[in-house]
Protein chains: 2
Amino acid sequence: MNTSLDIKQAFDRERQFAEKRRAVIQSASSAFRRRGYHNTSMVEIAKTLGLTKAALYYYVKNKEEILYESHIMTYDAMDAVLKTWRSRNKMNETVNKTPSELSGSELTGLNHLEGVFRDFVLLLTQSGVSLLTDVDSLGGEWKANVLKRRQIIEKHVLRIVKDGQKDGSIRTGDARLHVFFFMGALNWLNAWYEADGRLTGAVISEHFIAQLSRGIQV
Amino acid sequence: MNTSLDIKQAFDRERQFAEKRRAVIQSASSAFRRRGYHNTSMVEIAKTLGLTKAALYYYVKNKEEILYESHIMTYDAMDAVLKTWRSRNKMNETVNKTPSELSGSELTGLNHLEGVFRDFVLLLTQSGVSLLTDVDSLGGEWKANVLKRRQIIEKHVLRIVKDGQKDGSIRTGDARLHVFFFMGALNWLNAWYEADGRLTGAVISEHFIAQLSRGIQV
DNA sequence: AATTTATTTGACTCAAGGTTCAAATTTATA
DNA sequence: TATAAATTTGAACCTTGAGTCAAATAAATT
C-alpha cells in the first residue's frame with residue numbers, strides 16, 4: 001500500500017543517490033584538476049571514496065560522463081554567479097547609459113565585472129569547483145555541449161565588458177582580448193592553486209581584481 | 001680512407017637526423033597543444049609527418065620523451081628571450097636603483113617586463129612553440145626536470161617584477177601574484193589561439209601589454 | 001524472520017595504443 | 001655494381017585501464 005511515508009522514503013532514496021553521485025563527480029573533478037583526466041584512473045577515483053571501481057558504474061554511465069558532469073557543474077556554478085550579479089544590476093542591463101546617467105544604485109560595467117570576477121576566484125578557491133581544460137577528451141555531442149556552455153559564459157562576460165565600455169568605465173579596445181587576458185588568470189589559477197597553501201581565496205581575489213581593474217579601466 | 005669530406009658528410013648525417021628529430025617533436029608538440037597529449041596517438045603523429053608509427057622510434061625513445069622534449073624546447077626558447085633582455089639591460093641588473101638613478105640607456109623593471117612579455121606572446125603565436133600543461137603525464141625524473149625549468153623561468157620573471165618594484169616602476173604587492181596573473185594570460189593563450197585566426201600575434205601582444213602594464217604599474 | 005530492493009564486489013573481458021623487432025627498402029660509399 | 005650503413009616498415013606483442021556481470025552483501029519492507 002502506498003502511504004505518504006513511502007513517498008517520502010522514496011524521495012529520500014533519490015536524494016541520497018543524487019548526493020552520492022554528486023560526491024563521485026566532485027571527488028573525481030578535483031582529481032582531474034590536479035592530475036589530469038587521463039592520469040586519473042577509475043580505480044583511484046573509487047578508492048578515494050572508499051569504493052571499488054565497479055561501484056562507480058552504479059552512479060555513472062562512463063568515465064566520460066564524469067568529466068562531462070564536472071564541466072557542467074562548474075559552468076552551473078559560474079552561471080549562478082553571473083545571474084546573481086545580473087539581478088543585482090537589473091536597472092542598467094537593457095539600456096545603455098553614460099556614467100553621468102547612472103543613478104547611485106546602479107553598477108558601472110567595471111564594478112559589475114569586478115564583482116563577478118571576485119566571485120569566480122572565490123568559487124575556484126573555496127568551493128570544490130574547478131575549471132577543467134580537458135574538453136577534447138569528450139566525444140562529439142558532449143564536447144559540443146560543454147563548448148556551448150563555455151561560450152555562453154564568455155558571451156555574458158563579454159557583454160559586461162562592452163557595457164562598461166559604453167558607460168565609460170572600461171577603456172575601449174578589442175573586448176574579446178580584454179576577456180581573454182583576465183580569463184587566463186582564472187584558468188591558470190586552477191593549475192597552481194592549492195587549497196592548503198598560504199594564499200587564501202580572499203587575498204588572491206583582491207590582488208587579481210586590482211590588476212584586472214587597473215588593466216582595463218579608462 | 002678518411003677524408004675531410006667524410007667528416008663533413010658524417011656531420012651532415014647527424015644534422016639531418018637532428019633536424020628530423022626536431023620535426024617530430026615540433027609536430028607532435030603542436031598536436032599536443034591542440035588535442036592534448038593523451039588524445040594524440042603515435043599513429044597520428046607519424047601520419048602527419050608521412051611516416052609510420054614504428055619509424056618514430058628511430059628518432060625517439062618514447063612517447064613520453066616527445067612530451068619531455070616539447071617542454072624543454074619551449075623553455076629553451078623562453079630562456080633565450082629572457083637572456084636577450086637581460087643582456088640588453090645589463091647595467092641595472094645587479095645594482096638596485098631608484099628611477100632617478102637610472103641613466104637613459106637602462107630599462108625600468110616595467111619596461112623590461114613588457115619587452116619580455118611581448119616576446120613571449122610572439123613566441124607562442126608565431127613560432128611553433130607552445131606552452132604545454134600536461135606535466136603530470138611525465139614520470140619522476142622527467143617531471144621533476146620540467147618543473148625545475150619552469151620554476152627557473154618564473155624566478156627570472158619574478159626577479160624582473162621585484163626589480164621593477166625597487167626602481168618604482170611597478171607597484172608593490174605580492175610579486176608572485178603579479179606574475180601568476182599575467183602568466184595566466186600566456187598559458188590561456190595556448191588554449192584559444194589559432195594561428196589562422198583574425199588576431200595576429202602583434203595585435204595580441206600590444207593589447208596584452210597594455211593590460212599588463214596598466215595592471216601593475218604604480 | 002522472510003522477502004524484496006538497493007548497493008557493492010570480485011573476477012573477468014576487451015580494446016586501444018604504446019613498444020619491439022626482424023626484415024625490407026632506401027641511400028651513401030667503394 | 002657490390003657492399004655497407006641508415007632509414008622505414010609490417011606484423012606482432014604487451015600493458016593499462018575502462019567497462020561488464022552474475023553473485024554477494026546490506027538496507028528497507030512486510
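In the text below, chain A, chain B and the rest are named by the order of the sequence lines, each starting its count at 1.
- Following rounding to the nearest Å, A/H38 (NE2) and C/dG18 (P) show an atom-to-atom distance of 11 Å.
- When both distances must be under 3.5 Å, the Watson-Crick or G-U wobble mate of D/dA26 is C/dT5.
- In this structure, B/K63 is positioned above the aromatic face of B/Y37, its NZ or CZ under 6.0 Å from the six-membered ring centre and within 45° of the axis.
- Between the side chain of B/K53 and the base of C/dG17, no donor-acceptor pair of N or O atoms lies under 3.5 Å.
- Nearer to the 5' terminus of DNA chain C, by closest-nucleotide assignment, is the contact made by B/K63 (compared with the other of B/K63 and B/A54).
- Here C/dT19 presents its C1' atom at 14 Å from CD1 of B/I45, a figure rounded to the nearest Å.
- When heavy atoms are screened at a 4.0 angstrom cut-off, A/K20 is found touching the sugar-phosphate backbone but no base atom.
- Proximity of B/Y59 to the phosphate of D/dT7: no side-chain N or O atom is located under 4.0 Å from OP1 or OP2.
- Summarising the geometry, the separation between CD on A/E64 and P on D/dG17 is reported as 18 Å, rounded to the nearest angstrom.
- For A/T52, the listed nucleotide lying nearest its side chain is C/dT9; candidates were C/dT7, C/dT9, C/dG17.
- Taking the six-membered ring for Trp, B/F180 and A/Y193 have ring centres at least 6.0 Å apart.
- Taking atom CD of residue A/E44 and atom P of nucleotide D/dG19, one finds them 15 Å apart after rounding to whole Å.
- Note on A/E64 versus A/K143: no salt bridge recorded, every NZ/NE/NH1/NH2 to OD/OE distance being 4.0 Å or above.
- The CG atom of B/N39 sits 11 Å away from the P atom of C/dG18 (whole-angstrom rounding).
- One atom, CD of B/E14, and another, P of D/dA6, lie 11 Å apart when rounded to the nearest Å.
- OP1 or OP2 of D/dG19 has at least one side-chain nitrogen or oxygen of A/N62 nearer than 4.0 Å.
- Taking only side-chain nitrogens and oxygens, B/Y58 comes nearer than 4.0 Å to OP1 or OP2 of D/dT7.
- Side-chain contact between A/E69 and A/R22 is absent, with no heavy atoms from C-beta onward closer than 4.5 Å.
- Between A/Y57 and D/dC21 there is no side-chain polar atom (N or O) within less than 4.0 angstrom of OP1 or OP2.
- Among the nucleotides C/dT19, C/dT7, C/dT8, the one closest to the side chain of A/L51 is C/dT8.
- One atom, CG of B/L56, and another, C1' of C/dG18, lie 11 Å apart when rounded to the nearest Å.
- When the P atom of C/dT19 is taken as reference, atom CD of B/E65 falls 10 Å away, rounded to whole Å.
- Remark: A/R118 engages A/E206 in a salt bridge (Lys or Arg N to Asp or Glu O under 4.0 Å) (not counting sequence neighbours).
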